[in-house]
Every structure is written in C-alpha cells, then in structure tokens.
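A quick write-up on the structure given underneath.
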Amino acid sequence: MQDLAFDPENCPIARVSKVIQGKWTMVIIFLLSEGTLRFSEIKRQLPSVTDANLTKDLRLLEKHGVICRKVYPVVPPKVEYSLTEMGRAFLPILDSINEWADKYTAN
C-alpha cells in the first residue's frame, strides 16, 4: 500500500476554513439566509462589528462565491447582498454547527 502524506492545502476542511475564516462570516451567512440585505441592515444586526471588518468579511464571502453583491447605479449608491446557490448549500451545515454549539458550548 502506498504511503499517502497529509496535504493540508488539499484537505477539504482546510479549504472550507479559507472561505469562512472571518470572525463574522458564518453569522453573515445566517443573516442572509433570511433574504437580501443592504450593508447598513447587516451592520444594524451586528453592532459590535466595525465597518472595516464587515467589509472584509463580505468581500471574502463574495470572492469565494458564497454571496452575491449587487450594485445599483443610483446616487447615493445602493448595494445589496444575497446568498448564492453555494451559500444556500452551506445552510444545512450552518444548522448542524448551530445544533452542536447549543449542545456543547456555553453562552
């Protein structure tokens, strides 16, 4: 039998962690599971997150295809965020994480 070395770059868990590495990424996905939101609506539900960190996590999720960013050509600019098919496919996993957290973590 051939000895296979562990390759962290090709490990599925490592690849997923690159997508959801931001502190707020899973929470953003959860919020967008209810529907399309604007930046200010997301920010209102996450008052402790800075604008810079929220922007960083939104860009990360967009880069990886989890969310879609739609910009409307109006003044002032209107930007909406929604889940992509990939983002919606992550929701059952998020539900499982939520169940695990309820069972094994304290508030």
Side-chain angles (χ1 to χ4, degrees):
M1 185 169 181
Q2 186 178 14
D3 183 26
L4 299 175
F6 177 69
D7 181 1
E9 292 302 315
N10 289 315
C11 170
I13 300 299
R15 291 193 314 262
V16 169
S17 70
K18 288 180 183 178
V19 176
I20 57 170
Q21 67 181 309
K23 178 177 180 180
W24 300 101
T25 53
M26 286 195 281
V27 177
I28 292 167
I29 293 169
F30 171 76
L31 293 175
L32 291 175
S33 71
E34 298 294 316
T36 300
L37 295 172
R38 295 179 70 178
F39 183 92
S40 60
E41 294 169 321
I42 298 169
K43 175 71 172 137
R44 196 172 308 120
Q45 295 188 56
L46 301 172
S48 62
V49 67
T50 65
D51 287 359
N53 281 334
L54 181 55
T55 299
K56 177 182 66 74
D57 285 355
L58 287 167
R59 287 183 181 159
L60 176 71
L61 290 168
E62 182 184 13
K63 172 186 166 192
H64 288 287
V66 178
I67 65 171
C68 176
R69 179 178 182 262
K70 185 172 182 181
V71 181
Y72 294 88
V74 295
V75 177
K78 178 181 176 182
V79 179
E80 292 181 335
Y81 296 91
S82 59
L83 292 178
T84 62
E85 181 181 336
M86 181 196 298
R88 289 187 300 277
F90 187 73
L91 294 177
I93 298 164
L94 201 57
D95 288 340
S96 294
I97 292 169
N98 190 45
E99 288 175 23
W100 180 87
D102 282 345
K103 187 172 180 178
Y104 294 109
T105 62
N107 289 339

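Using a 4.5 Å heavy-atom cutoff, the side chains of Leu91 and Leu83 are in contact. Inter-residue side-chain proximity for Asp51 and Phe39 is flagged as met; some heavy-atom pair is nearer than 4.5 Å. In this structure, the side chains of Trp24 and Leu54 stay at 4.5 Å or more apart for every pair of heavy atoms. A heavy-atom distance below 4.5 Å is not found between the side chains of Lys23 and Asn53. Taking 4.5 Å as the limit, some side-chain heavy atom of Gln45 sits within range of a side-chain heavy atom of Leu37. A 4.5 Å side-chain heavy-atom check between Ile67 and Tyr81 finds at least one atom pair inside the cut-off.
Counting non-hydrogen atoms of neighbouring residues, nucleotides and ligands closer than 6.0 angstrom, the CZ atom of Arg15 exceeds 12 such neighbours.
Other residues sharing the hydrophobic cluster of Tyr104, ordered by chain and number and joined by side-chain separations under 4.5 Å: Trp100.
Residues that satisfy the salt bridge (charged side-chain N to carboxylate O under 4.0 Å, His left out) test with Glu80, not counting sequence neighbours, are Lys78.
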Checklist line | Chi angles and distances behind the side-chain contact (heavy atoms from CB on, under 4.5 Å) call for Val66, Phe90 | finding: CA-CA 9 Å; Val66 178; Phe90 187 73; 5.6 Å; no
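Using a distance-only test at 3.5 Å, with no hydrogens or angles considered, no donor-acceptor pair links the side chain of Lys43 to the main chain of Arg38. Side-chain atoms of Thr25 come within 3.5 Å of backbone atoms of Ile20 as a donor-acceptor pair (strictly under, hydrogens ignored).
Here CG of Leu60 is found 11.5 Å from NZ of Lys18. Values are rounded to the nearest 0.5 Å. Note that CE of Met26 and CG of Leu31 are 13.0 Å apart. Values are rounded to the nearest 0.5 Å. Distance check: Asp95 CG to Phe30 CZ gives 8.5 Å after rounding to the nearest 0.5 Å. Atom CD of Glu62 is separated from atom CG of Asp57 by 13.0 Å, given to the nearest 0.5 angstrom. Between the CZ atom in Arg69 and the OG1 atom in Thr84 there is a gap of 15.5 Å [rounded to 0.5 Å]. Between the CD1 atom in Ile97 and the OG1 atom in Thr105 there is a gap of 11.5 Å [rounded to 0.5 Å].
Closest approach of Asp7 and Asn10 over heavy atoms only: OD2-ND2, 2.6 Å.
In the hydrophobic clustering of this structure, Val71 groups with Ile42; members are Ile, Leu, Val, Met, Phe, Trp, Tyr whose side-chain heavy atoms approach within less than 4.5 Å, directly or through other members.
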